[in-house]
There are 2 protein chains.
Amino acid sequence: MVHIYDYPRPAVTVDCVVFGLDQTHYLQVLLIQRRLPPFKGQWALPGGFVRPNEALEEAARRELQEETDVTGLCLEQLQTYGQPDRDPRGHTVTVAFYALGNLWDYHIKAATDAKEARWWPMKHLPELAFDHGLIVQDAISTLRITIRHKPIGFELLPTKFTLTQLQRLYEIVLARPFDKRNFRKKLLKLDILISLDEKETNVPHRAAQLYQFDRTKYMERQKTGFNFDL
Amino acid sequence: MVHIYDYPRPAVTVDCVVFGLDQTHYLQVLLIQRRLPPFKGQWALPGGFVRPNEALEEAARRELQEETDVTGLCLEQLQTYGQPDRDPRGHTVTVAFYALGNLWDYHIKAATDAKEARWWPMKHLPELAFDHGLIVQDAISTLRITIRHKPIGFELLPTKFTLTQLQRLYEIVLARPFDKRNFRKKLLKLDILISLDEKETNVPHRAAQLYQFDRTKYMERQKTGFNFDL
DNA sequence: TAACCTTAGTGTAAAAAATACACAATAGGC
DNA sequence: GCCTATTGTGTATTTTTTACACTAAGGTTA
């Protein structure tokens with residue numbers, strides 16, 4: 001079946017930059033290996049063509065599931081890339097999204113266009129197809145800015161986490177150390193964490209208190225001109 | 001001439017939200033009145049279809065010039081809108097940009113698809129075509145956030161300005177008052193303003209010192225981990 | 001079972017930044 | 001020369017940020 005238009009149109013795609021934290025606490029990105037040309041066999045961001053009458057985020061969510069079997073993430077729009085030479089098949093505009101997930105929740109499973117799908121550490125990414133290397137760089141920049149102003153970091157952790165885990169998360173993403181006491185003081189003063197009646201288990205040292213992010217409380221606070229600003 | 005593709009493609013457009021400050025110091029938006037359907041006669045953002053092998057920002061710049069005769073602005077990507085029902089002609093994805101200009105520099109001149117083009121005060125916008133009302137709202141939100149972290153406010157003022165003008169600008173955009181002495185202290189301490197050997201003229205009161213934004217100095221500072229953060 | 005290793009958990013003092021606030025100086029108009 | 005309007009300036013108070021070190025408690029091991 002062919003499709004005919006009066007004027008030429010660029011193709012429209014979506015791509016997803018999904019970040020995660022691994023057991024060793026390094027920042028990871030979810031990539032797929034391309035099954036088809038162009039860039040066959042090379043690693044790339046999960047993504048693909050937007051279908052007729054499909055919303056952008058919907059397309060991103062669908063492609064992510066199709067190619068990696070990951071679902072349920074909160075996708076945020078990053079930027080749109082439209083350099084005419086960014087795809088050898090011709091003028092293609094891609095809308096990039098980013099999302100945060102915690103690695104333990106997902107069993108990655110390659111499918112459709114993807115030969116393989118897996119997490120890669122940010123520090124040692126392979127060479128990426130198209131301009132995906134640039135997109136990942138932009139995503140990490142945006143993440144660094146956003147994580148300081150919105151409580152999105154929690155999405156990288158299990159539901160129940162310790163303050164040390166949270167601190168390490170911020171240290172990894174922002175690539176700078178925080179003082180333990182000051183960090184805890186600040187976070188607790190925000191009053192958006194629920195202190196659970198539960199502790200770590202099976203650790204060869206004093207067990208840490210577990211906390212949970214209180215989204216409801218955060219939402220309420222939002223309205224009263226309160227700033228997260230870490 | 002017709003264009004044939006194997007798969008259907010959404011149309012791709014760009015739209016520009018250009019902000020300006022008028023003589024009475026209210027925030028204004030540059031709009032055009034549509035000459036053609038859909039939404040014929042209604043006010044809309046300047047913008048239009050991306051041409052083959054045209055970069056997105058290039059397209060935005062071209063459409064802005066064609067429809068309003070405004071050139072030379074620094075365009076920043078805002079967001080991309082792709083709800084399938086946002087354009088009655090069919091699935092259309094639009095990449096929105098925003099920019100700041102000072103009204104005195106430009107002679108607005110309607111052209112091509114635009115029947116008329118002029119500044120409208122933010123407070124009293126007409127009903128806009130497509131989802132342009134939403135786009136303008138998103139643009140002002142983004143502007144409010146960005147202006148606090150990057151020295152983009154200066155683009156709304158003439159090259160030479162007084163500290164009072166600058167303060168009023170921030171008060172208008174952020175919709176909150178600043179203390180005169182504290183504002184001046186803070187701005188001057190940033191050390192990114194050049195104090196000119198020149199004063200206001202023809203004012204019926206003590207003439208104010210004129211200043212100029214020192215972009216070079218700001219760029220240098222940037223590298224040394226310096227934050228604008230107003 | 002006691003010593004050991006490792007990480008959790010906690011408070012205070014000093015420095016820096018943000019805020020609140022009022023009056024003399026000066027340009028042009030009358 | 002006096003009036004009006006706006007500029008330009010300093011200090012004291014409060015709040016926020018920073019720097020910093022030791023005891024508590026789980027699990028491991030000798």
Mind listing the N/O atom pairs, protein and nucleotides 27-30 of chain D, below 3.5 Å?
none

Between D:dT6 atom P and B:Gln167 atom CD, what is the distance in whole Å? 13 Å

So B:Gln209, base contact, sugar-phosphate only, or nothing? Heavy-atom distance under 4.0 Å. sugar-phosphate

Below 4.0 Å: OP1/OP2 of C:dG9 and any side-chain N or O of A:Arg184: yes

Measuring only between side-chain heavy atoms, which start at C-beta, is B:Phe183 closer than 4.5 Å to B:Leu230? yes

Report the relative orientation of the aromatic rings in A:Phe213 and A:Phe154; use parallel for angles under 30°, tilted for 30 to 60°, perpendicular for over 60°. parallel

With a cut-off of under 6.0 Å to the ring centre and 45° to the axis, is B:Arg176 in cation-pi contact with B:Phe178? yes

Encode nucleotides 11-20 of chain C as B, S and - characters from 5' to 3', where the letter depends on protein heavy atoms closer than 4.0 Å: B to the base, S only to sugar-phosphate, - to neither. BB-----SBB

How do A:Lys199 and B:Thr164 order along DNA chain D: which one's closest nucleotide is nearer the 5' end? B:Thr164

Side-chain touch B:Leu128/B:Gln42, heavy atoms, less than 4.5 angstrom: no

Any side-chain heavy atom of A:Thr164 sitting closer than 4.5 Å to one from A:Arg184? yes

So, A:Asp138 versus A:Tyr81: side-chain donor-acceptor pair below 3.5 Å or not? yes

If we only count heavy atoms from C-beta on, is the B:Glu76 to B:Tyr98 side-chain gap below 4.5 Å? yes

Flag yes if more than 12 heavy atoms outside B:Asp229 fall under 6.0 Å of its CG atom; otherwise flag no. yes

Rounded to whole angstroms, how far apart are CG on A:Leu166 and C1' on C:dG9? 16 Å

Whole-Å gap separating C1' (D:dT9) and CG (B:Leu163): 12 Å

Take atom CG of A:Leu210 and atom C1' of C:dA8, then tell me their distance rounded to the nearest Å. 12 Å

Any protein N or O atoms within reach of nucleotides 22-24 of chain D? Criterion: under 3.5 Å, listing atom names and distances.
unit_1	atom_1	unit_2	atom_2	d
D:dA24	N3	A:Arg206	NH1	3.2

Between D:dT7 atom P and B:Leu196 atom CG, what is the distance in whole Å? 17 Å

Pairwise side-chain contact, B:Tyr211 with B:Leu166, heavy-atom cut-off 4.5 Å (strictly under): no

Check ion pair B:Glu58-B:Arg62 (N to O, under 4.0 angstrom): no

Between atom CD in A:Gln165 and atom C1' in C:dT7, what is the gap in whole Å? 13 Å

From B:Ile152, B:Ile147, B:Ile192, residue fulfilling side-chain contact (heavy atoms from CB on, under 4.5 Å) relative to B:Phe228: B:Ile192

